[in-house]
Amino acid sequence: MAVSGFVPGAAPGVLAKPVVTLSQGEAGKGGEITVKGSGWRSGALLMLLICGESSPATGVLGGTNSCANADGRAVTTDAKGAFSRKLAVAEPPKPCPCVVHVATVTGQQASVDAEFKVAGHPVAPLPAPAPNAGRLAVTDRTVRLEGSGTLLTWFGAPQTRRVVLQLGNLGSAPVTDPLFQVGTSHGVFAPVWEERQWRGTLAPGKQAEVALDVQLPAGAHGDYLVSVKYGTKVLAAQPWGVDRPWGVVLFWVLLGIVVPAGIFRIGMAVVDRVRPDALPVRGRPAPTGPGRTPRQSARHRTVRPREQPQGPEGPPTAGQGRPGPALSEAEAEAPTAVLPLPWFTPDSTPAPPPAPAPPAFPHKDPPARRGPQPPPAPYDPPSPHAQVSAPEPHENTNPPTSRGNS
């Protein structure tokens with residue numbers, strides 16, 4: 001069975017080249033047939049569907065809503081415009097008569113319907129065509145989309161436009177409240193048709209501007225094609241480039257910046273809460289306030305200043321050294337250092353470096369005594385915590401001579 005079709009837009013009476021051939025004219029659900037075609041554009045993407053409530057003369061009356069879309073197949077023609085594809089037999093949502101509908105997906109619209117019978121599927125007469133159906137035609141090829149996006153569409157709300165076209169009544173009877181189908185397709189996908197009714201009456205030989213609403217799903221962006229169909233005839237098609245919802249992109253970028261920053265701030269607040277307090281300055285009491293708890297105060301140990309050791313004969317004399325400046329009562333009672341526990345304890349603090357050796361002044365040493373000299377005493381470095389006092393004044397041990405004291 002070979003069926004040829006017409007290309008929409010071609011001159012009447014000129015036979016188009018697309019041809020479709022079926023391996024079987026009848027098959028039951030679950031079967032498989034082979035669909036072959038020739039005369040199509042080279043490299044064209046075609047869709048193959050089994051549709052109900054259709055015939056080669058009237059086409060698919062209900063559009064793709066009358067077809068078994070889930071079991072459809074796609075095929076690409078070769079360099080010669082031919083193809084061969086197996087198609088699973090499925091029951092369409094509408095009763096027969098049925099056809100195998102082959103149509104282009106992109107580019108110039110072309111379709112062919114080959115008669116086919118689904119065994120065991122209900123059969124019903126075709127619905128009566130609408131009055132003066134197919135008598136409307138586009139008188140002006142200029143088709144435009146009116147409308148613009150809003151702030152909500154910038155954040156992913158559905159895009160809405162109005163497709164406006166100029167139509168004329170070529171019949172002999174008026175057309176009242178015609179029902180159109182507006183379809184939107186994206187890429188290689190088939191159009192999704194929605195019914196739109198135009199309110200008004202178009203007298204024979206008259207023209208009118210028809211505006212129909214079209215809406216895309218939320219978040220849609222990219223290149224779309226808006227088509228207007230009346231009956232089985234596609235009247236016009238207009239491309240529509242939809243911008244990306246940049247508000248959604250901006251939201252995710254800000255979310256990726258604000259959330260890590262908030263986590264960082266929370267972490268720093270926790271660290272500031274649990275880490276030990278800084279050492280206070282000498283003479284200044286440790287900081288207190290509502291943020292200090294008894295537990296935090298107990299974690300610190302107060303080190304009192306070491307008392308100055310006294311010799312066996314009492315406090316140091318004027319010759320032994322002068323005491324440092326007297327401390328006030330507030331300074332004497334104030335802690336000199338606060339060592340946090342358990343990180344540091346007085347026993348684990350580093351020891352101070354050893355005291356340097358006292359300087360030697362040879363020109364000031366007393367004259368050496370005659371006779372054997374005792375060996376010099378070994379140098380014993382002072383303890384790190386011992387207080388170094390001024391050396392005692394040297395006492396003259398030489399006995400007086402006849403010439404006087406030396």
Practice problem: For side-chain contact (heavy atoms from CB on, under 4.5 Å), just list the numbers for V102 and S111, CA-CA rounded to whole Å, side-chain angles, deciding distance to a tenth of an Å, and then say yes or no. | Solution: CA-CA 6 Å; V102 182; S111 62; over 6 Å; no
Next on the checklist: Can you confirm whether the thiol sulfurs of C67 and C51 sit closer than 2.5 Å?
Outcome noted: yes
Practice prompt. Report yes if the side chains of W193 and T64 come closer than 4.5 Å at any heavy-atom pair, otherwise no.
Written response: yes
Check: Do the ring planes of F180 and Y230 sit parallel (below 30°), tilted (30 to 60°) or perpendicular (above 60°)?
Finding: tilted
| field | Donor-acceptor pair, side chain of S185 and main chain of P191, under 3.5 angstrom | value | no
Between G52 and P92 the two heavy atoms that sit nearest each other are N-CB, 3.5 Å
Requested in this report: Determine whether W154 and T150 make a side-chain contact, defined as any pair of heavy atoms from C-beta on separated by less than 4.5 Å.
Outcome: no
message: Looking at D223, I'd like to know if its CG atom is crowded, meaning that more than 12 non-hydrogen atoms belonging to other residues, nucleotides or ligands lie closer than 6.0 Å.
response: no
Rounded to the nearest 0.5 angstrom, the CD-CG distance for E194 and N65 is 10.0 Å
The reported gap from CE in M47 to OG1 in T104 (rounded to nearest 0.5 angstrom) is 7.5 Å
Taking every heavy atom of P178 against every heavy atom of G200, the minimum-distance pair comes out as CD-O, 4.0 Å
TODO: Begin from the C-alpha positions of W240 and V242 and carry the test side-chain contact (heavy atoms from CB on, under 4.5 Å) through to its verdict.
DONE: CA-CA 6 Å; W240 182 11; V242 184; 3.8 Å; yes
Q. Does E195 come within less than 4.0 Å of K229, counting only side-chain N to carboxylate O?
A. no
Could you give me the CA-CA distance, side-chain angles and deciding distance for V89 and V118, then say whether side-chain contact (heavy atoms from CB on, under 4.5 Å) is met?
CA-CA 8 Å; V89 178; V118 180; 4.3 Å; yes
Practice prompt. May I ask you to test the V100-L22 pair for a side-chain heavy-atom distance under 4.5 Å?
Written response: yes
Rounded to the nearest 0.5 Å, the OG atom of S66 sits from the CG atom of L49 at a distance of 11.0 Å
More than 12 non-hydrogen atoms from neighbouring residues, nucleotides or ligands closer than 6.0 Å to NZ on K117, yes or no? no
Are the side chain of Q197 and the backbone of D177 linked by a donor-acceptor contact shorter than 3.5 Å?
yes
Shortest non-hydrogen pair, L126 vs P97, comes out as CD2-CG, 3.7 Å
(Q) I want to check something: taking the side chain as every heavy atom from C-beta on, are V35 and V20 in contact at a cut-off of under 4.5 Å? (A) yes
T77 side chain to A44 main-chain N or O, any donor-acceptor pair under 3.5 Å? yes
Does a side-chain heavy-atom distance below 4.5 Å link L48 with V75? yes
task: Taking the side chain as every heavy atom from C-beta outward, state whether L216 and H186 have any pair of such atoms under 4.5 Å apart.
output: no
Taken to the nearest 0.5 Å, the spacing of L235 CG from L167 CG works out to 6.0 Å
When every non-hydrogen atom of S54 is compared with those of V99, the smallest separation belongs to CB-CG2, 3.6 Å
Heavy atoms of V214 and R162 approach each other most closely as CG1-N, 4.5 Å
Closest heavy-atom pair, A110 versus W40, reported as atoms and distance to 0.1 Å, is O-CZ3, 4.0 Å
Is the shortest side-chain heavy-atom distance between L46 and V105 below 4.5 Å?
no
Interatomic distance, CG@L202 vs CG@L170, rounded to 0.5 Å, equals 9.5 Å
Review point. With no hydrogens and no angle check, is any side-chain donor or acceptor of R85 less than 3.5 Å from a backbone partner on K36?
Key: no
>> With heavy-atom distances below 4.5 Å as the criterion, would you say the side chains of C98 and E53 are in contact?
In response: no
Using only atom types and a distance under 3.5 Å, with no angle test, would you say the side chain of H121 pairs donor to acceptor with the backbone of A90?
no
Which of V210, V143, T184, D213 passes side chain to side chain contact (heavy atoms under 4.5 Å, CB included) with V163? It is V143
CD of Q238 to CG of L145, rounded to nearest 0.5 Å, is 5.0 Å
